[in-house]
Amino acid sequence: SARARAIWGLAPGEPVVAERVQALMHPEDRLLLSAALDSLDPAGQGEFGFEHRIVRPDGAERRIRVHGRTLFGASRRGRRRSSTSRPTPT
C-alpha cells in the first residue's frame, strides 16, 4: 500500500517484499524478526508482533510496530506471511 511504502521510505509503486523489508531493518534488530518467526507454533494461530527500528533509504531511523500472521501448509512450514506496519511514537 502507499502507506506502507511511506513508512518504509520506498518509492511509489516499489514492491514491498520480504527481502527489501528485511534489508531496511536496523541491523541490531534483525534477530527480533527471526526470533518472532521461529517461535511460531504451526498448530497455533501463526500470529506475531514486535517493535523494531528501520533505516529508511534516506538514512532516517524510525521505530515501527509490526503485526502479522503466517499461514502454515500441510508440511507445517510457513507458506504465506502477511503483516502490517505502523510507526510508533518516539
Side-chain angles (χ1 to χ4, degrees):
S1 73
R3 182 171 186 225
R5 286 182 191 87
I7 291 169
W8 288 87
L10 302 175
E14 183 176 349
V16 182
V17 295
E19 294 80 17
R20 182 71 168 130
V21 167
Q22 289 172 5
L24 293 172
M25 289 183 74
H26 191 284
E28 294 175 5
D29 292 350
R30 288 184 185 143
L31 289 177
L32 292 172
L33 174 63
S34 296
L37 298 180
D38 289 346
S39 69
L40 293 176
D41 177 3
Q45 296 296 316
E47 291 187 18
F48 60 91
F50 57 97
E51 286 188 20
H52 68 90
R53 296 168 290 174
I54 62 171
V55 181
R56 295 165 35 117
D58 64 6
E61 188 174 300
R62 301 279 191 269
R63 180 168 283 283
I64 64 170
R65 171 96 181 131
V66 175
H67 182 263
R69 174 173 281 173
T70 297
L71 300 175
F72 294 95
S75 66
R76 303 246 182 211
R77 295 185 66 197
R79 64 180 176 95
R80 183 167 184 213
R81 183 172 296 125
S82 64
S83 63
T84 59
S85 303
R86 63 177 183 212
T88 61
T90 54

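Model, not experiment: these values are computed from the prediction. We count residues from 1, following the sequence as given.
Within the model, atoms OG of Ser85 and CD of Glu51 stand 11.5 Å from one another, a figure rounded to the nearest 0.5 Å. Rounding to the nearest 0.5 Å places OG1 of Thr88 at 6.0 Å from CZ of Arg63.
Looking only at side-chain heavy atoms (C-beta outward), Glu14 and Arg20 come within less than 4.5 Å of each other. Within the 4.5 Å cutoff, the side chain of Val16 has heavy atoms near those of the Leu10 side chain. Between His26 and Ile54, every side-chain heavy-atom pair lies at or beyond the 4.5 Å cut-off. Side-chain contact between Arg62 and Ile7: absent, with no pair of heavy atoms (C-beta onward) separated by less than 4.5 Å. In this structure, Val66 and Ile64 have side chains that are in contact, with non-hydrogen atoms separated by less than 4.5 Å.
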request  = Evaluate the salt bridge (charged side-chain N to carboxylate O under 4.0 Å, His left out) criterion for residues Glu61 and Arg56: first the C-alpha distance (whole Å), next the side-chain angles of each, then the deciding distance (0.1 Å), finally the verdict.
outcome  = CA-CA 6 Å; Glu61 188 174 300; Arg56 295 165 35 117; over 6 Å; no
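Arg30 places a side-chain N or O within donor-acceptor distance of the main-chain N or O of Gln22, the cut-off being under 3.5 Å.
Across all their heavy atoms, Met25 and Phe50 have their closest contact at CE-CE1, 4.2 Å. Considering all non-hydrogen atoms of both residues, Arg53 and Glu28 come closest at NH2-OE1, 3.3 Å.
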